[in-house]
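What follows is a short report on a single structure.
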Amino acid sequence: MVSQYLSYNNLHHRRFLKKLASLAMILATLPTAAQEVAVKTNLLYDATTTPNLGVEVGLGGNHTLNLVYGLNPWKFDSDTHGERFAKHWVFMPEFRWWTCSRLNGHFFGVHAMGGQLNVSNVDLPMPGVFFSGVNLRKAVRDSRYQGAFAGAGITYGYQYPLSRHWNLEAEVGVGYAHVWYDRYPCGDCGSKLNSGHANYAGLTKLGLSIMYVF
């Protein structure tokens, strides 16, 4: 169990480093005329004990590229619920079109997402619908599910400048995600019971982010 846990976290760290390297390569290839670069964190996502970091870069015209990475490696124990966790990592790139000027006012976006999860004994805050396969929102209360997911969706949001360098961003996105999983009886114990998949449609993004614009 310990080796499985360490392997799981080491995998996250390796993937995180790869994402940072990819981001550095992307930023290095952007023209200097791109100008705006901003870093941000989603306060709503932080509230779920998931540290996250976003970078948004101007691409020219009324377009920007937004890249977000979130990682939750934690476990929680309580006398009433026992061991609980919703460990995961997610990487979400998004192309945005602004109705006025970049990093100011209304925007629309198209996002993709991919990551891994390891979840047990929790209620998943996913208000959408699992329309085929297992209903993970309920199933993870009684078993542990570990696997990967990928999907895409559309976004609407608004940025409000607070000062020369600080912005506040609100956004909501809807879309589709496919989940591949292995099911285990509980926590970190037991042998694999079965494998399967699930399809989800609904809310894929919800954010209230504070950001610094360079």
Side-chain angles (χ1 to χ4, degrees), residues 12 15-72 88-117 124-129 149-178 200-214:
H12 285 323
R15 290 185 178 272
F16 179 50
L17 291 175
K18 289 181 180 178
K19 299 300 183 297
L20 289 179
S22 298
L23 175 58
M25 292 178 63
I26 291 172
L27 295 179
T29 59
L30 289 174
T32 55
Q35 297 180 351
E36 292 97 339
V37 176
V39 294
K40 65 183 73 175
T41 186
N42 184 342
L43 302 177
L44 299 183
Y45 202 14
D46 289 327
T48 68
T49 69
T50 305
N52 63 92
L53 176 66
V55 178
E56 187 165 7
V57 182
L59 298 180
N62 289 354
H63 306 112
T64 59
L65 175 66
N66 191 59
L67 303 172
V68 175
Y69 180 86
L71 171 66
N72 187 321
H88 69 277
W89 68 265
V90 61
F91 180 63
M92 185 174 291
E94 179 176 72
F95 177 80
R96 292 177 169 181
W97 174 77
W98 297 79
T99 60
C100 185
S101 59
R102 295 187 306 235
L103 306 183
N104 186 8
H106 302 275
F107 67 85
F108 297 90
V110 178
H111 63 266
M113 56 188 171
Q116 290 182 306
L117 56 83
L124 291 179
M126 302 175 69
V129 177
F149 60 90
I154 57 175
T155 310
Y156 165 74
Y158 186 87
Q159 279 191 25
Y160 179 77
L162 300 175
S163 66
R164 179 181 176 184
H165 290 290
W166 292 96
N167 280 14
L168 186 67
E169 174 185 280
E171 62 176 335
V172 60
V174 295
Y176 161 81
H178 186 83
Y200 168 85
L203 192 69
T204 50
K205 294 189 72 179
L206 184 64
L208 181 64
S209 300
I210 187 71
M211 54 192 294
Y212 184 85
V213 183
F214 291 92

Begin with the C-alpha distance, continue with both residues' side-chain angles, and end with the deciding distance and a verdict on side-chain contact (heavy atoms from CB on, under 4.5 Å) for L206 and Y45.
CA-CA 8 Å; L206 184 64; Y45 202 14; over 6 Å; no

Dump the intermediate steps for side-chain contact (heavy atoms from CB on, under 4.5 Å) on V213 and L103, then the final yes or no.
CA-CA 9 Å; V213 183; L103 306 183; 4.0 Å; yes

Audit row: D46, N52, side-chain contact (heavy atoms from CB on, under 4.5 Å) steps and yes/no:
CA-CA 7 Å; D46 289 327; N52 63 92; 2.8 Å; yes

Take the angle between the ring planes of Y176 and H178 and call it parallel below 30°, perpendicular above 60°, tilted in between.
tilted

Measure the acute angle between the ring planes of Y69 and F91, then classify it against the limits of 30° and 60° as parallel, tilted or perpendicular.
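Tilted, since the angle between the ring planes falls between 30° and 60°.
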
Hey, does V55 have a side-chain heavy atom less than 4.5 Å from the side chain of V57?
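When only atoms from C-beta onward are counted, V55 and V57 do touch, with a gap below 4.5 Å.
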
Whether the side chain of N62 engages the backbone of S101 through a donor-acceptor N/O pair (distance < 3.5 Å, no angle test) should be reported.
no

Using 0.5 Å steps for rounding, measure from the [atom1] atom of [X] to the [atom2] atom of [Y].
X    : Y    : atom1 : atom2 : result
L124 : H88  : CG    : NE2   : 10.0 Å
L162 : N167 : CG    : CG    : 6.5 Å
L43  : T48  : CG    : OG1   : 11.5 Å
L53  : L67  : CG    : CG    : 10.0 Å

Could you pull out all residues at least two apart from F149 that satisfy side-chain contact (heavy atoms from CB on, under 4.5 Å)?
V90, L117, V179

Working note: E36 + R96, criterion salt bridge (charged side-chain N to carboxylate O under 4.0 Å, His left out); need CA distance, chi angles, decisive distance, verdict.
CA-CA 14 Å; E36 292 97 339; R96 292 177 169 181; over 6 Å; no

Nearest non-hydrogen partners of [X] and [Y], listed with the distance:
X    : Y    : answer
M211 : W166 : O-CE3, 3.2 Å
R102 : G61  : NH1-O, 3.2 Å
K205 : N66  : NZ-ND2, 4.4 Å
V172 : L203 : CG2-CD1, 3.5 Å
G207 : N42  : CA-ND2, 3.2 Å

Audit row: T204, I154, side-chain contact (heavy atoms from CB on, under 4.5 Å) steps and yes/no:
CA-CA 9 Å; T204 50; I154 57 175; over 6 Å; no

Charged N to carboxylate O under 4.0 angstrom, E171 versus K40?
no

ring-ring contact (aromatic ring centres under 6.0 Å, His included) partners for Y156, two or more places apart:
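Checked Y156 against ring-ring contact (aromatic ring centres under 6.0 Å, His included); matches are H106, F108.
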
Taking the six-membered ring for Trp, are W97 and F107 ring centroids under 6.0 Å apart?
no

